[in-house]
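What follows is a single structure, written as structure tokens, with notes after it.
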Amino acid sequence: MKEILHQQLSQALQTLHYPAVEILLEKPKVATHGDVTTNIAMVLAKSVGKKPREIAETIIQELKIAQTIISSIEIAGPGFINFTFADSFIVESSKKVLIEGKNYGKNSSGKNIKVNIEWVSANPTGPLHSGHGRQVILGAVLANILEWNGYDVTREYYFNNAGNQMRNLAESIYARYCELCGENIQFPGDGYHGEYIKTIAQEIFNEKGKRITDKNYFQKKGEEWCFANIKNILTKLNVVHDVFYNEDSLYKNGKIQEVIEKFRSLDLIYEKDGATWLKATTLGLENDRVIVKNTGEPTYRLPDIAYHCEKFLRGFDVMIDIFGADHIATIPDVLAGVKALGYDTTKVKVIIHQMVSFLRDGKQVKLSKRSGDAYTLDELIEDVGKDAVYYFFVMRSANTHLEFNIDLAQQQSEQNPVYYLQYAHARIASILRFAEEQNFESKNFSAILHATNFSRIHEKEEIELLKLLLDFPEEIQKCSISYEPHHLTVYLREVAETFHKFYHAHRVLSEDKELMKARLALCIMAKIVIANGCIILGVEPKEKM
RNA sequence: GUGCCUGUAGCUCAACUGGAUAGAGCAACAGCCUUCUAAGCUGUAGGUUAUUGGUUCGAUUCCAAUCAGGCACACCA
């Protein structure tokens, strides 16, 4: 819809011999400022040497746009040019919602761009805790959004099932197992204290009795149990990864060694105290870093660097990593290493979300992993349901500290923002059920399109709703450009609100069948947008509440 | 001490990346159900955007300093 304006404005700049500045068309915050606004007159003021309002005047003179498209053009404030679309143009444009239906909102801004999104990536040493939820949801929704923008998305989970942490897991399970066997052995100092360790030990004990001493067996069992647990939770949340990338494969196919050799040839490593160091300081960082310990084992940095190089070699144009703020320190080293190896790290987009605190009965829930009484993600889903988990985790920008109010999420009441959205959808569904009883079509969109006299739509509340529905594709694009899914929740809340307002102002079912059909079409369009939005957000669009 | 994030209404947060009168939800107060779902709608009240400077036509947004909170500063990931 904006294309016409864009083209006309740049044409005007040309004929007026103004410099070709970038033309920004924005939606004003206040409705009385029209549907679209541009600030070019103010931008031009300095270089042209005239007052913004005068410039705006000259530009407007040059515009040739039919009254049937733009009903009014105004100069306002310091020099904004405000455009208002003609109602008939809005109504006409809105037909595309019905035409595209389930696909309405999709766009091709990411066409032919391969993006890899890597997230969750928890090692199989225990269940996901509730704090993990933010990352799980953020990544899942972002991946959906990218897909709706036409990106070729690969969802990836990177894990490590070797090394210290896994040994620790094995030792912890072994200690619990020994307890079950009646032996008293010292529980490892940095062991995992969670109840699940006892569960795993019990399972092994039940199955095998007292005979096991092979630590590898405990590690294998522990890994299996933890991974099954993690995957089970992800399944509950409908999170599906295309690739599970095992860090170990980087050793097997020699990629780790390759990276070391390359660093060596670039004179970026040295030996000290029996360890191998990366000269991070020559790459502009604070300190040099160990990449191979004196035990011969690499630190996380080396495989991480190799892994990112691998992603480049696999041909991704954009690589997204999602981390919690507690992992922030690991990023600069890894990226510096990857860059030193000749890769364009601007293609790596690291999203860091701040920590989450949970509120129950007005008090903070403790998340201590060590004490073993961690509040797991599974328990959170149990407490508030999948829909609320999705909505609450995604409704805030990633870089604010999130307060998750369990009491609120649990409430089946008007206070809960998830229900507001679902209620609007259910309400529409209810209207459509009534209409169906009277033999009105509500499923076959193209039939509706042909049978509807759209010119019957002209009330203020109807036009307002349509305008908002027409913003949907742009909202989705906005979310992907900024990698910020929370904009979508703000938008959808507004759609629901605008629908409720329409609902209260006008009856849909009526004796005037033509009007009724037109309003049913409007309802269906609103339903399409809310449903599509809900699907992206992982929230179920309910037919009944 | 250093790095990153944050500070906006009583509470939880937006503000389209520099635009016009800073907006929502919850909580508070006052209204609206013999008609399609009141999990809704309408209205009232609530602000020196932590503080102080700077940049410019214009700052919640950018820069600097200060104050406050969170996270991280390993041969753990």
Side-chain angles (χ1 to χ4, degrees), chain A residues 24 26-30 32-33 37 39 42-43 45-46 51-52 76-80 82 121-123 125 160 163-165 168 190 247 272-277 286-287 289-295 297-301 303-304 324-332 352-355 357 359 395-405 408 411-424 426-435 471 474-475 478-479 481-482 484 486-487 489-491 493-494 496-497 499-501 503-510 516 519-520 523 544-545:
Chain A
L24 264 178
E26 291 181 313
K27 187 184 176 183
K29 282 182 193 167
V30 194
T32 53
H33 294 149
T37 185
N39 62 350
M42 277 127 73
V43 177
K46 204 175 237 177
K51 286 180 186 164
F80 291 101
N82 297 337
S121 295
N123 289 335
T125 56
N160 175 12
N164 260 337
Q165 294 192 2
N168 207 338
D190 49 358
E247 181 186 310
K272 193 180 95 181
D273 306 331
T276 306
W277 294 68
E286 197 77 17
N287 299 305
R289 297 293 187 184
V290 172
I291 54 172
V292 182
K293 298 183 238 176
N294 59 16
T295 60
E297 280 180 303
T299 64
Y300 69 89
R301 295 184 186 90
D304 261 21
D326 52 342
H327 281 63
I328 188 155
T330 68
I331 295 152
I352 294 165
H353 67 82
Q354 298 300 310
M355 305 316 276
S357 55
L359 225 60
M395 75 176 169
R396 305 301 185 203
S397 146
N399 48 17
T400 68
H401 309 266
L402 177 66
E403 187 162 293
F404 195 116
N405 189 329
L408 178 62
Q411 275 182 53
Q412 306 244 336
S413 81
E414 75 273 6
Q415 296 171 9
N416 191 334
V418 191
Y419 290 108
Y420 188 79
L421 191 56
Q422 292 180 316
Y423 183 64
R427 218 177 200 185
I428 298 172
S430 169
I431 296 171
L432 297 184
R433 280 193 295 272
F434 275 99
D471 286 339
E474 204 175 316
E475 289 293 328
K478 190 165 84 185
C479 290
I481 290 169
S482 59
E484 288 176 327
H486 75 274
H487 292 302
T489 63
V490 176
Y491 167 76
R493 206 210 63 79
E494 205 181 338
E497 182 185 28
F499 173 76
H500 287 310
K501 282 180 182 171
Y503 176 89
H504 280 269
H506 307 287
R507 268 192 72 82
V508 177
L509 307 176
S510 72
M516 177 169 160
R519 287 190 174 154
L520 281 172
C523 287
K544 258 185 195 168
M545 285 184 79

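At least one side-chain nitrogen or oxygen of A:H487 sits closer than 4.0 Å to the OP1 or OP2 atom of B:rA15. Regarding contacts with the backbone of B:rA38, a side-chain N or O of A:Y503 is found under 4.0 angstrom from either OP1 or OP2. A close approach under 4.0 Å does occur between a side-chain nitrogen or oxygen of A:T400 and OP1 or OP2 of B:rA14. Dashed line: the shortest gap from a side-chain N or O of A:K501 to OP1 or OP2 of B:rG40 is not under 4.0 Å. For B:rA14, neither phosphate oxygen OP1 nor OP2 lies less than 4.0 angstrom from any side-chain nitrogen or oxygen of A:K29.
The residue A:T299 sits close only to the backbone: its heavy atoms come under 4.0 Å of sugar-phosphate atoms, none of a base. As judged by a 4.0 angstrom heavy-atom cut-off over every strand, A:F434 is placed among residues touching the sugar-phosphate backbone only. Using a 4.0 Å heavy-atom cutoff across all strands shown, A:P28 reaches at least one base atom of the nucleic acid. Nucleic acid contact class of A:I291 (heavy atoms, under 4.0 Å, all strands): none. Counting non-hydrogen atoms under 4.0 angstrom, A:S510 reaches nothing in the nucleic acid. Among the heavy atoms of the strands lying under 4.0 Å from A:V508 is at least one base atom, whether or not backbone atoms are also near. Contact annotation for A:H353: no contact, since no heavy-atom pair falls under 4.0 Å across all strands. Among the heavy atoms of the strands lying under 4.0 Å from A:H401 is at least one base atom, whether or not backbone atoms are also near. Nucleic acid contact class of A:T37 (heavy atoms, under 4.0 Å, all strands): base. Across all strands, A:N123 comes closer than 4.0 Å only to sugar-phosphate atoms, never to a base (heavy-atom distances). A:Q354 comes within 4.0 angstrom of a base, heavy atoms only. At a threshold of 4.0 angstrom between heavy atoms, the contacts of A:N82 include nucleobase atoms, whether or not backbone atoms are also involved. Within 4.0 Å (heavy atoms only), A:N399 reaches sugar-phosphate atoms of the nucleic acid but no base atom.
B:rC33 and B:rU12 have their C1' atoms separated by 31 Å, given to the nearest Å. To the nearest whole angstrom, the two C1' atoms, one in B:rG43 and one in B:rU49, are 26 Å apart. Between B:rA14 and B:rA9, the distance separating the two P atoms is 13 Å to the nearest Å. Comparing B:rU34 with B:rA20, their P atoms sit 43 Å apart, to the nearest whole Å. Spacing of C1' atoms, B:rU8 relative to B:rA50, comes out at 10 Å, to the nearest Å. B:rG18 and B:rC63: their C1' atoms are spaced 13 Å apart (whole Å).
Nearest heavy atom pair, residue A:P303 against residue A:P298, reads CD-CB, 4.1 Å.
On a pure distance criterion of 3.5 Å, no polar donor-acceptor pair joins the side chain of A:D326 and the base of B:rA77. Contact of A:T330 with B:rA72 (side chain to base): no donor-acceptor pair of N or O atoms is detected under 3.5 Å.
In this structure, B:rC33 is classed as syn because its glycosidic torsion stays within 90° of zero. Applying the 90° cutoff around 0 to the glycosidic angle, B:rU17 is assigned syn.
Each of A:Q165 and A:H504 has a nearest nucleotide on RNA chain B; the 5'-most of these lies closest to A:H504.
With centres under 5.5 Å and a plane angle under 30° as the test, the ring of A:H486 is not stacked against the base of B:rA14. The side-chain ring of A:F80 is stacked on the base of B:rA20, judged by centre separation under 5.5 angstrom and plane angle under 30 degrees.
The pairing partner recorded for B:rG43 is B:rC29, the criterion being a Watson-Crick or G-U wobble arrangement whose two distances lie under 3.5 angstrom. Base pairing analysis places B:rG7 opposite B:rC67; the two distances defining the Watson-Crick or G-U wobble pair are each below 3.5 Å.
Using a 4.5 Å cut-off on side-chain heavy atoms (C-beta onward), A:Q354 and A:T400 make no contact.
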Please walk me through it: do A:F80 and A:N39 pass side chain to side chain contact (heavy atoms under 4.5 Å, CB included)?
-> CA-CA 5 Å; A:F80 291 101; A:N39 62 350; 4.2 Å; yes
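Atom-to-atom, CD of A:E403 to P of B:rG10 comes out at 16 Å; the value is rounded to the nearest Å.
By the 4.0 Å N-to-carboxylate-O rule, A:E474 lies too far from A:K478 to be salt-bridged with it.
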